[in-house]
There are 2 protein chains.
Amino acid sequence: SSPAVRGVALDCGQAQASVHGVPDWPGAAAAVCRALSDDNISLDTIVQSECTRQTPLGAARDLAFTLPRQALEQARQALAPLLQQWPGAELIPGGPIARVSAVGAGMPCTAGTAGRMFRALADAGINIAMIATSEIRISCVVAQEDGEAALRAVHHSFNLAG
Amino acid sequence: SSPAVRGVALDCGQAQASVHGVPDWPGAAAAVCRALSDDNISLDTIVQSECTRQTPLGAARDLAFTLPRQALEQARQALAPLLQQWPGAELIPGGPIARVSAVGAGMPCTAGTAGRMFRALADAGINIAMIATSEIRISCVVAQEDGEAALRAVHHSFNLAG
Ligand SMILES: C[C@@H](O)[C@H](N)C(=O)O
Ligand SMILES: C[C@@H](O)[C@H](N)C(=O)O
């Protein structure tokens, strides 16, 4: 049977940021992405969980993403006019991060494969900040200084040359 | 040039749930996934944002996921022993949801493609609950009753037959 994970990729050139206080109504996430793409800023990973905050506008969510480190200041400026329209909204920049992704042809038992990847990182003492998965890709964001160790740990866990 | 999005998929058989209060130390996410996979529960989408809560154990995060609707009660039981070890941790089940995913060969300008997908949903009046993206897949979780309309809206936005 084909291996659950056939490759692992490491990207150390990104930073993480989050917009807190995105109003939980249709169009808000679109507006954030449009403000960035209009300024030619491409996002890599976009994650929105179900956790909500209360702002003067009502229920709001955090929209977290990763992007090229050098684009972070440009992103702040591109988002400023939009965030001014949303009381309580702000861009919270995060530090430099590393994103390690396990890619598989099909990972139908994501909990098993994801658990194995998370366990590999944990055994290397690496804390996981953001997580985004699909059937064919599990991405974990870790601190930048953990990037190389994270790649080795996941390679080793899935018996891949690395 | 190849289209950014070449297919859209709809999955209406899932439910969404979130573990609140996952301690933000290495091994916690792995323990959650292992408890579920040990009980043969496969997760589909796993999302962890950077938003942290404070629990008696210190900083903690929410780990949100989607899974087959019929597995939700089994997941609660599988997680119970683990969550008992973490003061302040609990499983928050969500309602039935629909997951609509746009798949592309490569979506290097994710902000543009994601923004277009989010805009399509917004124009159909559909609120987005969870988001998880990778270079080749954008997944949005919406209310179950919005599933069919979401599929049509995204198909239409990317000029795909549907
Ligand atoms: C929070 C944001 O995702 C909002 N729910 C939207 O649909 O745009
Ligand atoms: C919160 C959880 O993801 C934790 N940071 C871990 O690495 O397992």
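Worth knowing before you read on, the calculation uses all heavy atoms, side chains too, and leaves out hydrogens, waters and symmetry mates.
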In this structure, would A/Ile97 and A/Phe65 fall into the same cluster of hydrophobic residues linked by side-chain contacts under 4.5 Å?
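Different clusters.
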
Report yes or no: do A/Met130 and B/Val22 belong to one cluster of Ile/Leu/Val/Met/Phe/Trp/Tyr joined by side chain heavy-atom distances under 4.5 Å?
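No, A/Met130 does not connect to B/Val22 through the hydrophobic network.
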
Using a cut-off of under 4.5 Å on heavy-atom pairs, state which of [options] scores highest against chain A.
options	result
B/Ala64, B/Ala124, B/Ala122, B/Ala35	B/Ala122
B/Asp62, B/Leu67, B/Ile92	B/Asp62
B/Met117, B/Arg53, B/Arg116, B/Arg34	B/Arg34

Do A/Ser49 side-chain atoms and B/Ser49 backbone N/O form a donor-acceptor pair below 3.5 Å?
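Between the backbone of B/Ser49 and the side chain of A/Ser49 there is no qualifying donor-acceptor contact (under 3.5 Å).
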
Heavy-atom check, side chain of A/Gln48 versus side chain of B/Val47, under 4.5 Å:
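No - every pair of side-chain heavy atoms lies 4.5 Å or more apart.
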
So, do A/Arg137 and B/Arg137 sit near enough that their side-chain heavy atoms are less than 4.5 Å apart?
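SC-SC contact between A/Arg137 and B/Arg137 ruled out.
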
Report which part of B/Leu121 has an atom under 4.5 Å of a heavy atom belonging to chain A: side chain, backbone, both, or neither.
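Neither part.
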
Best-contacting candidate, [options], against chain B by heavy atom pairs under 4.5 angstrom:
options	answer
A/Leu63, A/Val141, A/Leu36, A/Ile128	A/Ile128
A/Ala129, A/Ser18, A/Ala29, A/Gly27	A/Ala129
A/Glu50, A/Arg119, A/Arg99	A/Glu50

Specify the closest pair of heavy atoms between A/Cys33 and B/Ala114, including all atoms of both residues, with the distance to one decimal.
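Scanning both residues completely, I find the closest heavy atoms to be SG-CB, 4.4 Å.
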
Who in residues 68-85 of chain A is close to chain B, using a strict under-4.5 Å heavy-atom cut-off?
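Counting heavy atoms that sit under 4.5 Å from chain B, no residue of residues 68-85 of chain A is involved.
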
Quick one: list whatever passes side chain to side chain donor-acceptor pair (under 3.5 Å) with A/Asp24, sequence neighbours left out.
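Checked A/Asp24 against side chain to side chain donor-acceptor pair (under 3.5 Å); matches are A/Arg61, B/Asn127.
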
Spacing of OG belonging to B/Ser139 relative to CD1 belonging to A/Ile46, to within rounding of 0.5 Å:
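Result: 11.5 Å between the selected atoms.
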
